[in-house]
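Okay, so here's the structure we're looking at.
All residue numbers in this chain count up from 1 along the given sequence. These numbers were taken from a predicted model, which means no experiment stands behind them.
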Amino acid sequence: MTDRNPSAAPATVPTAQRKRRVPGWARGVLWAIGAVAVLSTASYLTGVNTLTSTNTAQTALRLALPILLAGLGGLWSERAGVVNIGLEGMMILGTWGAAWGAFHGGVWAGLGAAILFGALGGLLHAIATVTFNVNHIVSGVAINLLGLGVAKYLSTLIFEPLSGNPRQSPPVPTFDTYSATFLSDWLGRLEAQQRVGISDAAGLIDGLVSKVSPLALIAILLVPVSYLVLWKTRFGLRLRSCGENPVAAESLGVNVYRYKYFGVLISGGLAGMGGASLVLLAGGGGYLENQTNGRGYIGLAAMIFGNWRPGGLLGGAALFGYADGLRLSGGGKAVLALLYGAVLLLAVIVIVQLIRRQWVAAALGLAGAAVLYWIYWANDDLPSDLIPYTAHFVTLIVLAVASQRLRPPKADGAPYHRGEGD
């Protein structure tokens, strides 16, 4: 017999308290502090000061910009549901447009022409994939080949009479650079003191606040702008819905084709800006055949590494730009020192995995650390033929490590026909 008491209060079930997540910006700051700590330790133990020098940071920033802008282009396109393998071709069109515009009207005209030429490449990709439902990969490869061919033809037609060489343009103006003089002088003095940790951080920060171009500021500003537009506005919500579930978006009155076109056009314009950064910044000064050197593909890898989010993309671009800048600043010895830093990072990861009792992950991390340390110990310098591909090797390694936690838009690359939900 059960005892029923209608006046008794119903039993309350305790609800599990939600864990407070660390904000994305705070995680980014923690990762940056950890990276500086690893580089500082590796610099101290190997005696290679190039790892954290001002020159390395300046070069890394300049080389990260085209990767960042190409990655942002891929982000806009793929959030709308269109895979954009054609970023490389759009960047190539941007390099030619930047040189042509800058030669006739100065750096800002060059930047505008680069955006326009890149957007034209995006328009072709959108017509093929959105309107005619061509396979996105096939269309992207075709855009890459077309961009290369168009730039070669236009260069022969327009630049050869001016420069005498069909593979390059005449010299064009570049963006001026600016420095925070007082802060840079103070950081320079700290770096010269060679104090472990403090001087390393000072060198890296000094490289980021000295000799900075307006284009660099615009590119970095586009990261939070992209986040705010895509995640905090009605336009961004509709565009992202087209990449997640276009049928449901259409049922709610969203013009899916229009938003896909917007995403791919913006993607092409950003990729064209990435091409402009190779032409209009110090060290560029003109169009050169094969100038992009695969940076469109690396930008796509940075976007994947960042899990299709602007903040993660910024970290990926910084990583690849740093690897590329380091090999230019310090050569093979500096790249070997970076391998030593990777060994230290893997050691920390192994310890964390052991604490979590993730035995397989710990064993794989230990094996990777052993291989990298053997390469570092067995070589005094890296072969000169391998050094130019440092960023490409980093790309492959990072994608292999990051592949387990990726979450692309659900309808990314999926064919879509208007009226499917009827």
Side-chain angles (χ1 to χ4, degrees), residues 24-25 28-29 32 60-80 82 84 86-88 90-91 93-95 97-98 101 107-119 121-122 175 177-178 208-209 212-237 239-240 243 259 261-281 284 292 295-296 298-322 409:
W25 65 267
V29 171
L61 176 61
R62 176 171 57 85
L63 295 177
L65 292 182
I67 297 172
L68 173 63
L69 289 165
L72 281 174
L75 174 73
W76 276 86
S77 178
E78 300 210 6
R79 280 294 176 180
V82 180
N84 194 354
L87 290 169
E88 179 79 5
M90 298 171 198
M91 284 187 75
L93 291 173
T95 58
V107 289
W108 292 106
L111 181 60
I115 294 172
L116 176 61
F117 273 77
F175 277 103
T177 58
Y178 305 90
L208 301 179
V209 299
V212 180
S213 70
L215 182 55
L217 296 177
I218 293 171
I220 294 171
L221 185 63
L222 282 172
V223 175
V225 167
S226 294
Y227 170 76
L228 292 173
V229 173
L230 287 173
W231 272 268
K232 301 296 181 181
T233 67
R234 181 180 298 177
F235 171 83
L237 176 62
L239 186 142
R240 288 191 297 116
Y259 281 91
Y261 264 85
F262 280 148
V264 183
L265 281 170
I266 293 171
S267 174
L270 289 168
M273 283 185 69
S277 70
L278 295 170
V279 175
L280 302 177
L281 296 182
T292 57
R295 286 182 175 86
I298 297 178
L300 197 64
M303 179 206 67
I304 296 171
F305 168 79
N307 216 359
W308 287 265
R309 295 186 70 89
L313 162 62
L314 178 62
L319 173 63
F320 301 137
Y322 176 80

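Across all non-hydrogen atoms, the minimal contact from Gly74 to Met303 is C-SD, 3.3 Å. Contact record, Trp308 with Pro409: CD1-CD, 3.7 Å, taken as the closest heavy-atom pair. The shortest non-hydrogen separation linking Ala70 to Gly299 is CB-CA, 4.2 Å. Pairing each heavy atom of Ala276 with each of Leu111, the nearest pair is CB-CD1, 4.0 Å. Leu68 approaches Val223 most closely through the heavy-atom pair CD1-CG2, 3.8 Å. Shortest non-hydrogen contact noted between Ala317 and Ala302 is N-CB, 3.9 Å.
Interatomic distance, Leu215 CG to Thr177 OG1, rounded to the nearest 0.5 Å: 12.5 Å. Here Tyr259 contributes atom OH and Leu237 contributes atom CG; the two are 9.5 Å apart, rounded to the nearest 0.5 Å. Distance CG/Leu63 to CD1/Ile298: 10.0 Å, rounded to 0.5 Å. The structure places OG of Ser267 at 5.5 Å from CE of Met90, a figure rounded to the nearest 0.5 Å. To the nearest 0.5 Å, atom OG of residue Ser277 and atom CE of residue Met91 are 6.0 Å apart. Taking CZ from Phe235 and CG from Leu239, the interatomic distance works out to 5.0 Å, rounded to the nearest 0.5 Å.
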Output, in order, the C-alpha distance, side-chain angles, deciding distance and verdict of side chain to side chain contact (heavy atoms under 4.5 Å, CB included) for Leu230 and Trp76. CA-CA 8 Å; Leu230 287 173; Trp76 276 86; 3.8 Å; yes
Given Phe320 and Arg295, is the side chain to side chain contact (heavy atoms under 4.5 Å, CB included) satisfied, shown in steps? CA-CA 10 Å; Phe320 301 137; Arg295 286 182 175 86; over 6 Å; no
Would Ile218 and Met273 count as a side chain to side chain contact (heavy atoms under 4.5 Å, CB included) if you check the C-alpha gap in whole Å, the side-chain angles of each, and the deciding distance to 0.1 Å? CA-CA 10 Å; Ile218 293 171; Met273 283 185 69; 3.9 Å; yes
Derivation and outcome, side chain to side chain contact (heavy atoms under 4.5 Å, CB included), residues Glu78 and Leu75: CA-CA 5 Å; Glu78 300 210 6; Leu75 174 73; over 6 Å; no
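Figure legend: cation-pi geometry between Arg309 and Trp231, with NZ or CZ positioned under 6.0 Å from the six-membered ring centre and within 45° of its axis.
Residues that satisfy the ring pair (Phe, Tyr, Trp, His ring centres under 6.0 Å) test with Tyr178, not counting sequence neighbours, are absent from this structure. With sequence neighbours left out, Phe175 forms a ring pair (Phe, Tyr, Trp, His ring centres under 6.0 Å) with Trp108.
Each of Leu72, Leu314, Leu217 was compared with Leu222 under the side-chain contact (heavy atoms from CB on, under 4.5 Å) criterion, and only Leu72 meets it.
In this structure a side-chain-to-backbone donor-acceptor pair under 3.5 Å is missing from Ser213 to Leu281.
Side-chain contact check for Leu278 versus Thr292: some heavy-atom pair is nearer than 4.5 Å.
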